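What follows is a single structure, written as structure tokens, with notes after it.
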Amino acid sequence: MTGQPLPGFRDFYPPEHASLRGIFSAWREASRRSGFSEYEGPELESLELYTEKSGDEIVGQLYHFKDKGDREVALRPEMTPTFARMVAGQHRNYKKPIKWFSIPRLFRYERPQRGRHREHYQWNCDIVGERSPCAEAELIATLCLGLSLLGLGSKDVVVKMSDRGWWDRFLEKHGVKEENKPGVLRVLDRLEGATPEQRKEKLGALAKPVEEAWEGNVHDSEALGEIKSALGKMGYGNWCETDFRIVRGLAYYTGVVFEVHDRAGKLRAVAGGGRYDDLLKKLGGEDLPATGFGMGDAVLGELLRDKKIESGKQEGADLFVVAEGAEKDLALSMVGSLRRAGFAVDYEPGFPKWGKQLELAEAKGARWALLVGREAKDGKVGFKEISTRRQGEARWIGQKDGSICLEPSPGDWAKVLA
RNA sequence: GCGGCCGUAGUUCAGUUGGUAGAACUCCAGAUUGUGGUUCUGGCUGUCGCGGGUUCGAAUCCCGUCGGUCGCCCCA
């Protein structure tokens, strides 16, 4: 085996890259339609940005090293610190609420597994400066739009929502001390697969009320109710449900949190997010409320593969110029002119035998073959629809400026043959 | 960090009780010097993941290591 990528890193050959681009364009399109603006930051940041401001879990998996200037640097493991820094720096120049998105490539040094590498792309959408839960609804609506643009619907995925504020009050009511709350929440986050006995052991007296909450025998919090109502109006009512089992591991969430899961429950979360009202202040910025989500390409890709959804395919050229060797100068002129006229044009620079050129034209997925042969001397060229093998004839006309135009134009060939 | 399975041509894999490596497809060339999805012919490529050990002899057995994969831990 020669030249493999580093462990956990991926090569994207054209077919895989086409799928990746399909995912990106769905993300971008959903963001654009929902009024989010794209931003980007450095993929390499000072180690300090993460060690001081992120949780221990993230720091333990940082991909970091010392650069040639002896600086401790890290490949970004998440976008939020960079986003927070950027917002803190310039937010006065932007009207609130700020709605920004990005598709960063993120890195973590950890053991690669299914749907999990040392590098991945993550769609991040955040809203800053909006305290109302309508911001969450807006994010979830955007998220659902992105998924639907990829061909996923409410029968494939579900947005599970919970509320840390609700848990806060719940724990308060059951006499959990303020300083113990984070610890209890962490325990709750890890109890997904535990047996009732194990739960009882970990939670003690809390086990029974927690069990009831998990069974859904409790009312939504006010915030969740508002979000559900808004999402219902926007047409995503059947995508969402309350699930108080969702807690999210990250410490900085303060309010509503949510995750997207496949309905079958086979994969880990496809996306996750929530409100982090205190984080920007802690990171040294202004006291601005914020909420956001991230969706990685890895688990999403697994889901699309399971559902047999092709997110993007390679497009071939509009036309492939096939020419006899003697006409190669004319062919090259046509290639140049047609490309300037807006067509995607490919050809084989070596101008081998016709059969070979046509074979290549088909293999590369071109729609039309432009046939430049001896008749070219009489001003004639052929065009052929590769998939149907139907053929027609066109005239080529040299312009004063040296460019060449075809009559009829390639754009009309389909009509001519019809 | 822990455990299961795996690692042979570009790709997918075969390789029988250890005897120094094969198929299919792909790719390249030709049959077919102006018409491509068929067919036929010929050709290329492997330090059998790497290192060590057992043996007259290892792709095959043993140990280690690296990589892949699945699960656990953990988590964006």
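Computed from a predicted model, the values in this text were never measured in an experiment.
Along RNA chain B, the nucleotide nearest to A/Gln122 and the one nearest to A/Pro112 differ in position, and the one closer to the 5' end is contacted by A/Pro112.
Looking at the side chain of A/Leu358, the nearest of the listed nucleotides B/G67, B/G36, B/A76 is B/G36. Taking only side-chain atoms of A/Arg111, from C-beta outward, the nucleotide of B/A76, B/G37, B/U69 with the closest atom is B/U69. Here B/C72 is the nucleotide among B/G37, B/A76, B/C72 with the atom lying nearest to any side-chain atom of A/Gln113.
Between A/Phe170 and A/His174, the ring-plane angle classifies as tilted under the 30° and 60° cut-offs. Aromatic ring orientation, A/Phe107 versus A/Tyr63: perpendicular (interplanar angle above 60°, classes split at 30° and 60°).
Paired regions of RNA chain B, where each region holds three or more successive Watson-Crick or G-U pairs whose two hydrogen-bonding distances fall under 3.5 Å, are B:1-7 with B:66-72, B:10-13 with B:22-25, B:27-31 with B:39-43, B:49-53 with B:61-65.
At least one donor-acceptor pair under 3.5 Å links the side chain of A/Thr291 to the backbone N or O of A/Gly274.
For B/G37, the base has a donor-acceptor partner in the side chain of A/Arg389 [N/O atoms by modelled type, under 3.5 angstrom]. Side chain A/Lys353 to base B/U32: no donor-acceptor pair is found below 3.5 Å. On a pure distance criterion of 3.5 Å, no polar donor-acceptor pair joins the side chain of A/Glu359 and the base of B/G36.
Straight-line distance between the C1' atoms of B/A29 and B/U60: roughly 37 Å, to the nearest whole Å. Between B/U47 and B/A59, the two C1' atoms lie 13 Å apart (nearest whole Å).
Residue A/Leu371 is classed as a base contact, given a heavy-atom separation below 4.0 Å to a base. Across all strands, A/Gly355 comes closer than 4.0 Å only to sugar-phosphate atoms, never to a base (heavy-atom distances). Residue A/Lys356 is classed as a sugar-phosphate contact, given heavy-atom separations below 4.0 Å to backbone atoms only.
Comment: A/Glu226 does not engage A/Arg131 in a salt bridge, judged by the lack of any side-chain N to carboxylate O separation of less than 4.0 angstrom.
A side-chain contact (heavy atoms from CB on, under 4.5 Å) with A/Lys307 is found for one member of A/Val157, A/Asp262, A/Leu150, A/Leu152 and no other, namely A/Leu152.
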(request) List the steps, then state whether side-chain contact (heavy atoms from CB on, under 4.5 Å) holds for A/Trp123 with A/Ser31. (result) CA-CA 10 Å; A/Trp123 180 30; A/Ser31 303; 3.0 Å; yes
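Legend: ring pair (Phe, Tyr, Trp, His ring centres under 6.0 Å) pairs involving residues 332-368 of chain A, not counting sequence neighbours, sorted by first then second residue: A/Tyr347-A/Phe351, A/Trp368-A/Phe383, A/Trp368-A/Trp413.
Computed from coordinates, the A/Leu300 CG to B/A76 C1' distance equals 15 Å when rounded to whole Å.
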